[in-house]
Amino acid sequence: MNQTVQLPSVKAHALWASTYDEMNPVLSLEERMIEPLLPALEGKHVLDVACGTGRWLSRLAVCGVRTAAGLDLCHEMLQQAWRKDALAGRLIQADATEVPVRSGSVDFTMCSFGLSHIADIHGVAGELTRIVKDGGDLIVTDFHPAAQARGWKRGFHHSGVRIEIETYPRSMGFIREAFAAEGFTTVDCLEAEFGEPEEPIFEKYGRGDLFHRVRGQMAILALHFRK
């Protein structure tokens, strides 16, 4: 039986960084879910919070934006992002509760699979309220609370050990209330389940049986907020 170890987010992502961009069903579903939600970004100032390897930032940066930057607390994840041509000079190592960005300077920001790894949700929401312009947009994605309740955990294998990442599970209502308390209005709330586009990825890793067990169960949550 494989050993399982739970690690704090930054330590876990430091180990995951070199293989994080390998497509997996969760990332596939998220991309399929979020791309239609992205607003027109031409001429806008964009910030990717908890940008990791720059998976989303590299896409946002080529959408005719005026500026695009990403921040993450994990040095190893940012090292991977630096290798992507579009991201040179766009990356900041910083905590999401202490963003070194001028107040009211961002038109659009996103936080992909980062919120449940941060203890201080009000601190993050308050900081994002500070930096986002009035009328600006924020998209947050994470594991669906129902998936967390079923025992789903974000994790990966490293040197024969199963690494599970420490999380702070929260209900959808709690998340919405936290951001509302800091000045954001919910524009949309989307819930998604794995579908046919993800089946080949499950099959690739020899988990076709798992796909059929989890299909039809809510897997990811996406919240679109506006200040």
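Computed over heavy atoms, backbone and side chain alike; hydrogens, waters and symmetry mates excluded.
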For the side chain of Glu193 and the backbone of Ala219, is there at least one donor-acceptor N/O pair under 3.5 Å apart? no
Assign the ring pair Phe184 / Phe225 to parallel, tilted or perpendicular, where the plane angle (0 to 90°) is split at 30° and 60°. tilted
Which is it for Glu30 and Ser112 under the side chain to side chain donor-acceptor pair (under 3.5 Å) test, yes or no, and what are the steps along the way? CA-CA 9 Å; Glu30 187 215 30; Ser112 168; 2.6 Å; yes
For residues 97-105, which side-chain N or O atoms pair as donor and acceptor with protein atoms under 3.5 Å away, sequence neighbours left out?
{"from": "Thr97", "atom 1": "OG1", "to": "Asp95", "atom 2": "OD1", "distance (Å)": "2.8"}
{"from": "Ser103", "atom 1": "OG", "to": "Arg130", "atom 2": "NH1", "distance (Å)": "2.9"}
{"from": "Ser105", "atom 1": "OG", "to": "Arg102", "atom 2": "O", "distance (Å)": "2.6"}

N-O pairing of Arg55 and Glu31 below 4.0 Å: yes
When you compare the side chain of Val10 with that of Pro8, does any pair of heavy atoms fall below 4.5 Å? no
Show your working on side chain to side chain contact (heavy atoms under 4.5 Å, CB included) between Ile165 and Trp16 and close with a plain yes or no. CA-CA 10 Å; Ile165 308 172; Trp16 199 2; 3.5 Å; yes
Under a 4.0 Å threshold between the charged nitrogen and the carboxylate oxygen, would Lys84 count as salt-bridged to Asp21? yes
With His117 via ring pair (Phe, Tyr, Trp, His ring centres under 6.0 Å) - residues at least two apart: His13
Set of residues satisfying ring pair (Phe, Tyr, Trp, His ring centres under 6.0 Å) with respect to Phe211, sequence neighbours excluded: Phe202
Assigning hydrophobic clusters by single linkage (Ile, Leu, Val, Met, Phe, Trp, Tyr; side-chain heavy-atom cutoff under 4.5 Å), is Leu128 placed with Ile139? no
For Asp137 and Phe108, indicate whether the former's side chain and the latter's backbone hold a donor-acceptor pair under 3.5 Å. no
Please check: side-chain N/O of Thr109 versus main-chain N/O of Leu138, any donor-acceptor pairing under 3.5 Å? no
Given 3.5 Å as the limit, does a donor-acceptor pair link the side chain of Asp72 with the main chain of Gly52, or not? yes
